[in-house]
Number of protein chains: 2
Amino acid sequence: MALAQAIMTSLLDADLSGSELARDFEKSMGFFWQASHQQIYQELRKLSQKGWLNKREVNQTGKPNKILYGLTLAGRKALADWVYGPTRVQPTKDELLLKLYNLSEENAEHLIGEITQRREEVMQRLYLYETIRRRHYADPAALPVRHKGVYLALESGIHQGEQFLAWCDQALELLATV
Amino acid sequence: MALAQAIMTSLLDADLSGSELARDFEKSMGFFWQASHQQIYQELRKLSQKGWLNKREVNQTGKPNKILYGLTLAGRKALADWVYGPTRVQPTKDELLLKLYNLSEENAEHLIGEITQRREEVMQRLYLYETIRRRHYADPAALPVRHKGVYLALESGIHQGEQFLAWCDQALELLATV
DNA sequence: GCGAAGCATGCAAAAAATTGCAGCAGCTTC
DNA sequence: GAAGCTGCTGCAATTTTTTGCATGCTTCGC
């Protein structure tokens, strides 16, 4: 969809390599954008060819060399322009909710298990986000402009997580009576 | 991902045609599963070949004929088994949050506009869901088992929507100071 | 009765994403 | 020093999704 812009956005603050980007996507942007490393490497090549990124190889001790990518001026310009274009959303696809449509006496117990497990996963991610908020965004109003945006995205993730936990509790309560 | 199961799940209550399925997806399942009509028609063909669906043509007055699909016994069995398999989630991809990462003094006004617009859209969907809840799920504890699951999925959509509205307000407040 | 609009179905090409694998470097273990 | 593990990069095939039509049939407006 807009993988190119997701990558370029990640490179706003620092130059990163493909594998660093892949890890970043899982962490900070993970809740509203995810991409596999194959996707990222392919896109990096395309963006370099377009002249939006430049690359330089970096020797590392103890690890194989990595290739750092950074935004070019043209890249920064393209990204800034993109903000004014159309905005697409690709809603979640969640097999768990689909499974709930198939709830029965027989599978209720299994689904309770799945919800419990998911609750756990979400709680962990939520914990991570709240740590980040406490550490970097204690005083949102005082942040530099761009970081206010980043903060709001983080807030969105936290809201989402909290909402999901509340829903899990409601679901588990109702399912207990099945 | 699990388009096949999404379609079969829609056919649990009633036999539907391709276009009816496409409309259904937009409405009831829309917030956690979306599919275009091309995807649906293709998948319907595959599922028929597998023997999980049967089809019959229905003459309509005032409209072109449609082809109704219904679950076969094998289809019902496959769907029931699928519930015990692995559950995949494909998180949202939202360009709006990505754009927020690129917030600047210059584009703040534009992004405020986008958030306002999105808030409106979500509010309308939320209104629809709440209407459905009031009409069909006034007393959740009294529902037949399977409908409890459907109710919970609906609740998830409502939670999500409410959460999003709250986030929008928070975002607009913070952005007002930029 | 003619053109426009809408519904239902579908094909085909292109783009995007996933899956599975592989090479290579250095480090660790035995 | 051979075998195995990990980190980084990448290719290739397949599957999934999107995009852009095409067809036929019916009503509706004029």
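Order of the sequence lines fixes the chain letters, A, B, ..., with proteins taken first and strands second; residue numbering starts at 1 for each chain.
Rounded to whole angstrom, the span from the CD atom of Glu57(A) across to the C1' atom of dG10(D) amounts to 13 Å. As rounded to whole Å, 8 Å separates atom P of dA16(C) from atom CD of Glu43(A). Following rounding to the nearest Å, Leu68(A) (CG) and dC8(D) (C1') show an atom-to-atom distance of 12 Å. Atom CD1 of Ile7(A) and atom P of dA17(C) are 10 Å apart (whole Å). Here dG26(C) presents its P atom at 8 Å from CG of Asn65(A), a figure rounded to the nearest Å. Rounded to whole Å, the distance from CD on Gln34(B) to C1' on dT18(D) is 11 Å. Protein atom CD of Gln39(A) is 15 Å distant from nucleotide atom P of dT16(D), rounded to whole Å.
Remark: Ser17(B), Gly18(B), Ser19(B), Arg23(B) in residues 17-33 of chain B come within less than 4.0 Å of DNA chain C through at least one heavy atom. DNA chain C is contacted by no residue of residues 78-101 of chain A, taking any non-hydrogen atom closer than 4.0 Å.
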Under-3.5 Å N/O pairs linking protein and nucleotides 10-12 of chain C:
residue : atom : partner  : partner atom : Å
dG10(C) : O6   : His37(B) : NE2          : 3.2

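Closest approach of Val145(B) to Leu103(A), counting heavy atoms only: O-CD2, 3.2 Å. The shortest heavy-atom contact between Phe31(A) and Pro91(B) is O-CB, 4.2 Å. Between Leu16(B) and Leu68(B), the closest heavy-atom pair is C-CD2, 3.4 Å.
Checked by atom type, the side-chain pair His110(B)/Glu114(B) shows a donor-acceptor distance below 3.5 Å. A side-chain N or O of Glu155(B) and one of Gln170(A) form a donor-acceptor pair less than 3.5 Å apart. There is no side-chain donor-acceptor pair under 3.5 Å between Ser19(A) and Lys66(A).
Separation of atoms CE (Met8(A)) and CH2 (Trp52(A)) is listed at 5.0 Å; rounding is to 0.5 Å.
At distances below 3.5 Å, not a single donor-acceptor pair connects side-chain atoms of Arg119(B) with backbone N or O atoms of Asp169(B). Judged by distance alone, the side chain of Glu130(B) and the main-chain N or O of Tyr127(B) form no donor-acceptor pair under 3.5 Å.
In the hydrophobic clustering of this structure, Leu12(A) groups with Val150(A); members are Ile, Leu, Val, Met, Phe, Trp, Tyr whose side-chain heavy atoms approach within less than 4.5 Å, directly or through other members.
Here the two rings, on His37(B) and Tyr41(B), have centers that are under 6.0 Å apart.
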